[in-house]
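These notes concern the structure reproduced below.
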4 protein chains.
Amino acid sequence: MPKVGMKPVRRAQLIEATLESVDQFGLQATTVSTISKIAGVSTGIISHYFGGKQELMEATVRFLLQSLNDELMIQLKIHGTSPVNRLEAIIDTNFSPFQTSEKGTKTWLAFWAQSMHDESLARLQRVNEHRLLSNLKYSLKEVIPKDKVEHTAQAIAALIDGLWLRGALNEKSINVEKASKICKDFIHKSIEYYQLKEPNNAQPPATQDR
Amino acid sequence: MPKVGMKPVRRAQLIEATLESVDQFGLQATTVSTISKIAGVSTGIISHYFGGKQELMEATVRFLLQSLNDELMIQLKIHGTSPVNRLEAIIDTNFSPFQTSEKGTKTWLAFWAQSMHDESLARLQRVNEHRLLSNLKYSLKEVIPKDKVEHTAQAIAALIDGLWLRGALNEKSINVEKASKICKDFIHKSIEYYQLKEPNNAQPPATQDR
Amino acid sequence: MPKVGMKPVRRAQLIEATLESVDQFGLQATTVSTISKIAGVSTGIISHYFGGKQELMEATVRFLLQSLNDELMIQLKIHGTSPVNRLEAIIDTNFSPFQTSEKGTKTWLAFWAQSMHDESLARLQRVNEHRLLSNLKYSLKEVIPKDKVEHTAQAIAALIDGLWLRGALNEKSINVEKASKICKDFIHKSIEYYQLKEPNNAQPPATQDR
Amino acid sequence: MPKVGMKPVRRAQLIEATLESVDQFGLQATTVSTISKIAGVSTGIISHYFGGKQELMEATVRFLLQSLNDELMIQLKIHGTSPVNRLEAIIDTNFSPFQTSEKGTKTWLAFWAQSMHDESLARLQRVNEHRLLSNLKYSLKEVIPKDKVEHTAQAIAALIDGLWLRGALNEKSINVEKASKICKDFIHKSIEYYQLKEPNNAQPPATQDR
DNA sequence: GATGAATGAGGCTTCATTCAT
DNA sequence: GATGAATGAAGCCTCATTCAT
């Protein structure tokens with residue numbers, strides 16, 4: 001009997017090869033041929049396991065987003081002991097080594113651009129964006145005035161994405177420390193700012209273990 | 001008798017058609033055929049005036065970036081009477097109607113992604129990014145502590161790009177008012193924050209005409 | 001300015017090449033490549049002028065059926081002076097040199113088989129079959145009892161098709177004289193038979209110029 | 001312990017599945033995959049038992065033609081008591097439920113068309129056609145003038161094939177009764193015709209048990 | 001005996017570029 | 001200057017066949 005249960009193995013292998021190809025050649029120049037060559041398999045295998053190139057692309061995006069989410073869950077479980085810690089965990093996750101690898105950023109940006117004209121990709125992207133905002137708001141509402149939460153969450157999310165974007169362009173990979181510091185500074189300053197400005201409306205001091 | 005001076009006219013016409021096509025169909029689905037159809041000319045004309053599709057693309061990016069710069073120059077000339085006003089002019093320019101039109105954002109993002117794997121596009125992009133940072137730093141150093149200038153400029157630039165990015169995904173076009181407010185708030189709060197925190201190091205109050 | 005009005009020329013050229021290819025290689029082995037090679041053009045031209053292979057195939061069938069009909073119209077105009085002459089003209093048309101050329105019969109049979117699983121081809125085929133039956137019945141009802149018309153028309157049509165079918169298999173081309181004679185004999189005998197059997201019900205003697 | 005004698009079982013199973021597939025999807029869309037799925041076996045089994053797809057196809061045609069012949073032998077044994085009865089038995093066999101099933105007609109036509117360009121199929125087809133003609137002539141020469149036998153046999157054979165052909169196109173299956181009646185009428189009329197026309201040359205009245 | 005994962009040639013189609021007019 | 005017909009390389013996908021298990 002031939003090898004069974006190859007499906008998950010091959011799918012992972014092909015998704016990995018897709019990331020590699022998009023990193024090396026770009027999304028436009030990524031073809032069934034480049035992917036299968038990197039994976040060391042024949043071209044037919046992609047249609048065999050994914051039905052077609054498009055589905056492989058979507059699976060790859062899903063994988064990227066899932067990884068981001070998984071990492072966040074882990075970080076929150078470890079460090080999520082206070083609102084501020086939770087916020088920092090979110091930042092750390094978004095600038096973790098995997099997420100900010102050259103492979104990760106290039107692919108992420110390529111798919112984001114592609115999603116402008118591909119509804120199935122856009123949907124995935126939106127789900128993820130919504131999740132990031134939710135997580136941010138959940139923690140923010142405990143440390144800043146309620147009417148500033150939405151506004152601030154939007155700003156942090158934009159800051160994260162903007163730093164990724166700039167990192168993708170300028171360097172081989174994002175300068176993680178710098179980017180991380182900019183985001184955390186923004187969070188700390190926002191909290192501090194509202195406490196200084198409106199001490200009476202100040203939130204009860206959040207337990208902060210640092 | 002051959003018509004003379006058709007070159008600039010045709011080039012402008014084709015660049016405009018390229019923007020239109022990228023907006024309508026996306027960068028991947030934009031072909032020589034879609035562009036020439038929108039422009040109402042034959043396909044051969046593109047090679048004739050630009051040598052090829054790739055050069056037309058680069059010319060289009062250069063046009064977009066030039067427009068951004070031109071607008072900034074105008075805004076700075078009109079409103080650039082104080083550091084804060086200058087900073088606000090930069091924000092306004094980046095979220096001006098043209099820049100944030102659906103056409104603009106989609107094309108901008110598409111080319112940004114493309115520039116990951118196209119050095120000539122990347123160079124253009126980097127020049128522009130550098131210019132934005134320079135402009136921000138020039139004004140910032142008059143209103144916040146010198147050792148915070150770089151850091152803050154990076155944050156503002158990232159904020160601008162991040163808001164564009166998120167706008168490109170979620171809406172037909174960026175919600176200009178919201179995005180603009182987030183950026184300006186960030187600037188105002190940063191200034192105010194450093195003044196509150198370090199009143200002794202405060203900059204001499206900038207002349208502010210509002 | 002380049003050559004204009006090439007469309008009808010190229011379409012005819014490609015349809016001719018399709019007939020040639022189906023004759024030489026069979027329908028299954030007829031590819032865009034075989035057709036374009038025979039036509040002496042590039043492969044891309046087929047999609048350019050027909051949108052795709054399928055449409056070229058349909059156009060080819062339409063051409064075959066149209067040719068059959070055109071020939072019939074001509075024959076009827078020339079020889080259609082009496083019911084029997086009209087019937088013979090129908091037979092002659094169906095066994096005319098073009099229709100019974102090797103190219104014609106093979107292609108006709110190939111498309112007929114294909115139409116079992118291709119509704120657009122089946123529709124074309126049915127229209128043509130209906131036309132043949134109508135023409136036969138129109139003339140038959142003047143020379144044989146009315147209640148035998150349908151039955152006899154069906155038989156003649158089946159005879160024509162069956163002779164084609166057998167001709168396609170056995171010979172390079174149908175043995176025209178034999179096939180033609182079998183059909184005409186059948187017609188003559190049918191008429192004579194009903195007159196011998198039922199002389200009282202006999203139709204008024206049709207004007208017969210032979 | 002290896003199962004023995006699986007060969008005939010598997011071969012029959014695969015031939016049956018081939019007929020089913022050609023009926024459902026057409027000859028062009030019938031692949032090794034569709035056949036093996038219908039048979040409930042793996043794709044490799046076809047090459048294992050038939051060496052390849054082509055050989056399975058030929059075996060299937062051989063099976064169809066053998067079935068036709070077997071049925072004819074049975075019918076002739078039962079009803080073959082007089083020349084006319086034998087002729088009618090031939091007709092009945094050709095329009096028996098199995099032969100005229102949707103499955104049968106589609107497959108028959110598909111393979112006939114295919115045999116235009118496949119000598120091994122064509123040979124099988126010709127053997128069968130020859131057998132039909134022989135059977136017809138054997139009986140005809142006892143009931144019609146000798147010099148009309150060949151001609152009439154050709155006509156009957158063409159009539160049978162033509163009715164199949166038209167049945168395959170228009171209906172889910174051939175209208176057996178109508179087709180059968182047309183053929184038998186033709187036979188009866190031919191016999192009667194020659195008796196009426198040439199009573200002196202008439203054959204000695206054949207024993208007819210109806 | 002049987003499986004089905006894997007191969008890779010070949011099919012159809014798209015599209016940037018060329019060139020005769 | 002301008003056209004658009006034509007090219008043909010390259011993309012994606014299908015499928016008959018092979019082979020390790």
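Below, chain A is the first sequence line, B the second, and so on; all start at residue 1.
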Any side-chain to backbone donor/acceptor pair from [X] onto [Y]? Under 3.5 Å, distance only.
X	Y	answer
A:T34	A:T31	yes
B:Q13	B:A39	yes
D:S36	D:S33	yes
B:H117	A:Q28	no
D:K106	D:D23	yes

What is the distance, rounded to the nearest whole Å, between atom [atom1] of [X] and atom [atom2] of [N]?
X	N	atom1	atom2	answer
D:Q28	E:dC12	CD	C1'	14 Å
D:K37	E:dT3	NZ	C1'	15 Å
C:L14	E:dC12	CG	P	14 Å
D:R11	E:dA2	CZ	P	14 Å
B:K7	F:dA2	NZ	P	12 Å
C:I35	F:dT7	CD1	P	15 Å

Taking every non-hydrogen atom, the tightest pair across C:L165 and C:W108: N-CZ3, 4.2 Å

Exercise: identify the closest heavy-atom pair between D:L169 and C:S115: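 Where D:L169 meets C:S115 most closely, the heavy atoms are CD1-OG, 3.6 Å.
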
Interface residues of residues 111-123 of chain B with DNA chain F (non-hydrogen, below 4.0 angstrom):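 Residues of residues 111-123 of chain B that come under 4.0 Å of DNA chain F do not exist, since none gets that close.
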
Stretch residues 42-60 of chain B: residues that reach within less than 4.0 Å of DNA chain F through a heavy atom: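 Per residue number, the list reads B:S42, B:T43, B:G44, B:I45, B:Y49.
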
A:R11 and A:E55 ion-paired at < 4.0 Å: no

Within residues 17-26 of chain D: residues closer than 4.0 Å to DNA chain E (heavy atoms):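 Residues of residues 17-26 of chain D that come under 4.0 Å of DNA chain E do not exist, since none gets that close.
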
Distance-only polar pair, side chains of A:D118 and A:Q54, donor-acceptor under 3.5 Å: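 Yes, A:Q54 and A:D118 have a side-chain donor paired with an acceptor closer than 3.5 Å.
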
Pair pattern of DNA chain E in dot-bracket, where unpaired bases get dots and | marks partners in another strand, Watson-Crick or G-U under 3.5 angstrom: .||||||||||||||||||||

Candidate pair D:V41 and D:L14, rule side chain to side chain contact (heavy atoms under 4.5 Å, CB included), full reasoning: CA-CA 9 Å; D:V41 297; D:L14 288 168; 4.1 Å; yes

Set of side-chain hydrogen bond (donor to acceptor under 3.5 Å, both in side chains) partners for D:T30, sequence neighbours left out: D:S21

Residue mapping more 5' on DNA chain E - nearest nucleotide basis, B:T31 or A:G40: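 It is A:G40 whose nearest nucleotide is closer to the 5' end.
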
Distance in Å, D:F63 CZ paired with D:L19 CG, rounded so as to fall on 0.5 Å steps: 6.5 Å

Sugar-phosphate only, base, or nothing, as touched by A:V32 at under 4.0 Å among non-hydrogen atoms: sugar-phosphate

Sequence-distant partners of C:R62, side-chain contact (heavy atoms from CB on, under 4.5 Å), two or more places apart: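 Per chain and number, C:R62 pairs via side-chain contact (heavy atoms from CB on, under 4.5 Å) with C:E58, C:L124.
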
